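This report refers to the structure that appears directly beneath it.
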Amino acid sequence: MANKKGANAVVLFVFMFLINFVVSESDNGRELELLLSFRSSIVHDPSGFLSNWDPSATTFCQWHGITCNNLSHVETLDLSAKNLSGILVSSSVFNLPFVKTLNLSNNHLYGEIPPDIFFANSSLRYLNLSNNNFRGHIPNGFISGLVILDLSNNMFSGKIPREIGLFSGLKFLDLGGNVLLGKIPISISNITTLKYLTLASNELVGSIPHEIGKMKSLKWIYLGYNNLSGEIPKEIGVLTCLNHLDLVYNNLTGQIPSSIGNLKDLNYLFLYQNKLTGSIPNSIFGLKKLVSLDLSDNSLSGEIPELVAQLRNLEILHLFGNRFSGRIPNALTSLPNLQVLQLWSNRFSGQIPQSLGRYNNLTVVDLSTNNLSGRIPDGLCSSGRLFKLILFSNSLEGEIPRNLSTCTSLQRVRLQNNRLVGELSFTKLPLVYFLDVSNNNLSGNIGEQNWDMPLLEMLSLAGNRFSGKLLPHLMNAPKIEFLDLSGNEFSGTINPRFGTLTELMQLSLSENKLSGEIPEDLSSCKKLVRLDLSHNQLSGQIPSGLADMPVLGHLDLSENRLSGEIPVKLGQIESLVQVNISYNHLTGALPSTGAFLAIKESAVAGNDLCGGDTTSGLPPCKKLKNRANWWPFMACSFAGLLLLVITGFGFLFMRGRNNLEPKRVENGDGSIWELQFFDPKVSKSVTMDDITLSLKESNVISRCKEGVSFKGKSVSNDLQIVVKEMHQVSSLPASFWSEITEFGKLQHPNIVKLIGKCRSDKGAYLVYEYVEGKLLSEILGNLSWERRWKIAIGTAKALRFLHSRCSPSVLVGDMSPERIIIDAKDEPRLQFIFPFVDNHPLLPSSYVAPEARENKKMNEKSDIYGMGLILIELLTGKTPADAEFKVQYSSMVEWARYCYSDCHLDMWVDPVIKSQASINNQNQIVAAMNLALHCTAGDPTARPCAADVFETLKSAFRTSSCLPSLNFSSPV
C-alpha cells in the first residue's frame, strides 16, 4: 500500500513539473515575441546596443539590457540613455508578463504610448519613460503595485487622468516638463504612499488641492513653473515628513500659511516668483533644519524679526524683490552657516549690522537698492570666502573698510550710487573681474597706487573726485573690457599704452581735465564699440587711425579743442551709428558717408564745417574749379569702361540669381510645389523628384518633436542632402517662410547650412547640407578634454554669429547636444530644425531656460542657458536627466553650483578627463564651469551675451595659467 502511494506521488510530481514546463515555455515564447516586436520598432540604434537581440540565441536572458529571474522570465528591461529612436507598438514590452522594472528613459522614442499600458501588466513596479519625445495624452488605467512612475520631459498634453489616484502603491511620481493642462486632480491625494511629487514645468492652472494634506508620506513637492493660482493651502502644514517644498513661478496669492511652521524636517522652502503678500509668519523661523529659504520676487512686506536667529542651519537666504522694511536684523550675524544673503530691492533702512560676516560663512552679500545708511561693516570678509559684494544704490557713508583690500577671494564688487568718501584702497585683489564704485565722493590720486588686478574686466570710477594721471598700472589688466573714468579730475595726457588693452569694448574718459592729442595707438583697440573723450581739453587732429576700428559704434569727441579736418575714412566705418564732434575747432567738409549722412545739427555745432544733409544745419561747401580741360574726357572714358564691366558682371549675377528665385514645379503625382534653393550649385543638381524620392522609411536618420529627417541625394551627381519634413505647418507664424529665406543666406563653418525649401498644400520640407558625423550626445562620454574644449569654442562661435552678426538675431530654440553634429574634421556643427526669432513659441526641453518655460517664449538668453548646460555636460559627463538630480537636487544647475562652491574638482569633473587634468587644464576646467554657472544664472539679465561666452572660452584656453572668474548667482 505504501509503495502504491509513493508511486502516485511521483506521478503527480512529474505531471505538475510537465504542466509548469509547458506553461513556462509558452510564456517564454510570448516574451520572445514581444521583445522582437519592440526590436523591430526601433529605427535607429547608433551604438548597436541591441545588436545581440538575436532570435536564434539560446535565451533572451543574455541580451543587452535584460535581466531574468530564476525561471528565465524577463524581470528587468533597462535601455536607458542608449540613443534609441522609434515608435512603440501596442503589442510591446509593456505586455511582458513578469517584468518588474522597465526603463526606457533618455532616448528618442516618439509617438503616443500604447493606450493599454496601465492595464497590461500588474507585476510592474518601476516605469521610467522620461526624456523622450512621447506625445498625446497620458493613458487611463492604473497599476496598483507600481512604485515609481516617471514620465517627465516629454510632450504629453491634455489633463492629468483622474485615475492617477488609483496608483495606490506609488512612492515616486514625476510628470514634470510636459504640456499638461487643466487642474491638479483631487484624486491624486489618494496616493497616500507617495513620497516624491513633481508636476513642475507644465501649464497647470487652478489651485493646489486642499486634499493634499492627506498625503502624509510626502517628502518632496515640486509644482513650480505652472500657472497655479489661489492661496497656498494651509493643509500642507500637516505633511510633517516634508523636507523640500517648491512652488516657484506660479501666480499664487495671499499670505504664506503659518502652518508651514509645522514642517520641522523642512530643508528647502522655495516660494519665489509668485504674488504672495503679507509678512513672513513667525512660525517659519522655527524651522530649525532649513538650509535654503527663498521667498524672492513676491509682494511680501513687514519687518524681518530677530527670530531668524533660530535658523542655525540656514545657508542661503533670498528675500530680494519684495517690500520688506525696517532694519536688517542683527540676528543674521549669529547664523554660523549663512553663505548667501540677498536682500536687494526692498525698503530696508538703517545701518547694516556691524558684526555681519564675523561669525558667518559668507560668500555672497547683496543688499543693493534699499535705503541703508551708515558704514560698510569691516567684517564682511571674515570667512575668507566672500566673492561677491553688492551694496549699490543705498545711502552708505564713510570710508570703504581697509580690510576689504586684503579680501583676496573677492571677484565682483558693486558699491556705486552711495555717499562713500576717502580713498580707494582695494587695488590688489587678484580675482576681481568687476569693480564699480561710481557716483560716490571718493577722492585721491589713485594714479600713484600700484594696481594689481590681472583679471579685471569691468572698472567704473565715474562720478567721483579722483585726480592725478590716468592709471598707468591699468596696463597690467589685459582682460579689461569696460573702463569708465568719466566725471573725475584726472589730468595730463592719454597714455598711448591704452592701445595695448586689446580686449577693451567701452572706454569713457569724458568730463575730466585731459589735454594733449588723442593717441593714434587707440586704433589698436579693435574691439572698441564705444569711445567717449568728450568735455576735456584735448587738442590736435582727429587720428585717422580711428577709422581702423572695425566695430566702433559710438564716438563722442565733443567739447574739446580739436582742430583740422575730419578724416574722410571716418565716414567709412560701417558700424559707426552715432557721432558727436560738436564744439571743437574743426574745419572743412563733413564726410558724406556713414554716420555723417544724416547727422544732427547738435552733433556738429560749434565748428567751422560745411556740407552734410539738411539735418546737419551746415552751409554747403564751395565747389572747386576744374584744374584741367582733359578731366571731362577722362571721366567719361572711365565711366564707359566701368559701365561695360558692371554690365558683364550684372549679366552673370542675374543669371545665377534667377536660379535662386522661387519656382513652381509639378511633381510626378501632379501636385504643385513652390521650390527655392539658396545655393547656386545645389539649384543646378537637386530636383523636386530628388526630394520626394528621399522620403522613405529606410532613409530616416532622426525623429524629433518638430519633424522627421531623411537622407537623400541628387540623382544627377550624387550630392547628399538632408530633407526635413515639417510638422504642424499650419501653426507656423505668417513670417516663417520669409525668415527661412533670410536664414538660407547665412553661412558659417560651425552651422549646418540650409540650402533649400519647398512647400505645397500637401506639406513642407526644408533641405539641408548633409554632414557626415555623429551627434555630440552620442560621443561625448569618450571625448578627451582637448576635443571637448574645441567643441565648446566652436559652438560658442556659432552662437555668437547667430546672436550678434544676424539682424534680427537668430535663435537656436533648443540649445542641446542633440543639435550639435561633430563632423569628420572634429568641428561642431550646429543644426536647426528651423530658425527662431525673438519671442518665438517655446519648444519644451530640459535645455530651455526656466523663465522661457514659464512664459513659453524664447530669446537670446534662453539659448545662453542651454549653452551653459552643454558646458556642464562637457565638464562633468552628466545630463539634466540623471537620476540623482531628481531626488537630491532640484536640477543639474543646482548640483553644479553646489559642487563648484563646496567640492574639489575631482568630485565633479568627468572621470574620463580627470586623468588628463594637468595644472593648465584644471584652470581651464574651473574657468569653463565658472562660465557655465554664469550662463545658467537664474536672472536672464545676469547671463553673458554669446560674444562674451566665446571670448571668455577663447581667453581661458589661450591664457590657461590664469583663472577667469565670472559672476553666476546675482541678477546684478
Side-chain angles (χ1 to χ4, degrees), residues 279-280 282 285 293 295-296 300-311 314 316-383 385-407 410 412-426 435-443 463-464 970 972:
S279 59
I280 303 175
N282 285 342
F285 301 108
L293 175 61
L295 309 179
S296 59
L300 299 170
S301 57
E303 298 187 7
I304 310 301
E306 297 291 336
L307 289 172
V308 72
Q310 300 179 80
L311 304 179
L314 196 66
I316 299 174
L317 178 60
H318 284 179
L319 301 179
F320 57 84
N322 281 287
R323 301 172 184 171
F324 292 117
S325 58
R327 293 178 175 269
I328 296 175
N330 280 306
L332 288 175
T333 66
S334 66
L335 302 181
N337 297 304
L338 187 63
Q339 298 180 35
V340 178
L341 177 63
Q342 300 208 87
L343 308 180
W344 52 273
S345 192
N346 277 288
R347 300 172 184 175
F348 290 112
S349 58
Q351 293 190 355
I352 303 172
Q354 289 301 295
S355 58
L356 184 64
R358 291 180 184 172
Y359 312 107
N360 307 116
N361 193 23
L362 293 177
T363 60
V364 174
V365 174
D366 191 341
L367 310 179
S368 60
T369 322
N370 280 287
N371 301 312
L372 300 171
S373 57
R375 294 177 174 270
I376 299 175
D378 60 8
L380 290 176
C381 195
S382 297
S383 67
R385 301 179 63 223
L386 185 70
F387 67 84
K388 186 164 69 170
L389 178 61
I390 314 291
L391 302 176
F392 69 84
S393 297
N394 282 288
S395 300
L396 299 174
E397 303 167 336
E399 297 186 356
I400 299 172
R402 288 278 175 182
N403 57 7
L404 282 180
S405 65
T406 60
C407 185
L410 275 174
R412 186 176 179 92
V413 181
R414 300 193 67 182
L415 307 179
Q416 72 268 27
N417 300 326
N418 281 288
R419 301 173 184 172
L420 301 172
V421 298
E423 296 185 351
L424 186 64
S425 58
F426 42 94
L435 174 59
D436 191 345
V437 294
S438 60
N439 298 315
N440 282 285
N441 293 314
L442 299 169
S443 59
N464 284 286
S970 175
V972 293

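Note that the structure is predicted; figures quoted are calculated from it, not measured. If you read the sequence from its start, that first residue is 1, and numbering goes on from there.
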Run the side chain to side chain contact (heavy atoms under 4.5 Å, CB included) check on L343 and F324 step by step: do they pass? CA-CA 9 Å; L343 308 180; F324 292 117; over 6 Å; no
TODO: Under the side chain to side chain contact (heavy atoms under 4.5 Å, CB included) rule, what do T363 and V340 come out as? Steps first, then yes or no, please.
DONE: CA-CA 6 Å; T363 60; V340 178; 3.7 Å; yes
Derivation of the side chain to side chain contact (heavy atoms under 4.5 Å, CB included) call for I352 and I376: CA-CA 7 Å; I352 303 172; I376 299 175; 5.5 Å; no
Before giving the answer on side chain to side chain contact (heavy atoms under 4.5 Å, CB included), spell out for V364 and I390 the whole-Å C-alpha distance, their side-chain angles and the decisive distance to 0.1 Å. CA-CA 8 Å; V364 174; I390 314 291; over 6 Å; no
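Atom-to-atom distance recorded for L362:CG and T333:OG1 is 10.0 Å, nearest 0.5 angstrom. To the nearest 0.5 Å, the span separating CG on N330 from OG on S355 amounts to 6.0 Å. Note: L442 CG to L415 CG = 8.5 Å, rounded to the nearest 0.5 Å. Rounding to the nearest 0.5 Å places CD of Q416 at 10.5 Å from CG of N394. To the nearest 0.5 angstrom, L338 atom CG is 8.5 Å from N361 atom CG. To the nearest 0.5 Å, the span separating CZ on R323 from CZ on R347 amounts to 6.0 Å.
The backbone N or O of N403 sits nowhere less than 3.5 Å from a side-chain atom of D378 that would complete a donor-acceptor pair. No side-chain donor-acceptor contact under 3.5 Å links N337 to the backbone of L314. Remark: the backbone N or O of N322 is paired with a side-chain donor or acceptor of N346 at under 3.5 angstrom. Of the possible polar contacts, one joining the N360 side chain to the L332 backbone as a donor-acceptor pair under 3.5 Å is found. Proximity of a side-chain donor or acceptor of D366 to a complementary backbone N or O of S368 within less than 3.5 Å is detected.
Summarising the geometry of Q310 relative to F285, their closest heavy-atom pair is CB-O, 3.2 Å, with the distance given to 0.1 Å. What you find for G379 and S382 is that their closest heavy atoms are O-OG, 2.8 Å. When all heavy atoms are compared, the tightest approach of A331 to A309 is CB-CB, 3.6 Å. Here the shortest heavy-atom pairing between H318 and Q342 reads NE2-NE2, 2.9 Å. A pairwise comparison of heavy atoms in R375 and E399 identifies NH1-N, 3.6 Å as the closest pair. Of all the heavy atoms in P401 and S425, the pair that sits closest is O-OG, 4.1 Å.
The salt bridge (charged side-chain N to carboxylate O under 4.0 Å, His left out) test applied to D436 returns no partner, not counting sequence neighbours.
Side chains of I280 and L319 form a contact here, defined as non-hydrogen atoms less than 4.5 Å apart. Between F387 and L410 there is no side-chain heavy-atom pair separated by less than 4.5 Å. When side chains are defined from C-beta on, L356 does not count as touching I328, because their heavy atoms never get closer than 4.5 Å. Taking 4.5 Å as the limit, every side-chain heavy atom of L317 sits out of range of all side-chain heavy atoms of L311.
In summary, the side chains of N439 and N417 do present a donor paired with an acceptor at a separation below 3.5 Å, with no hydrogens or angles considered.
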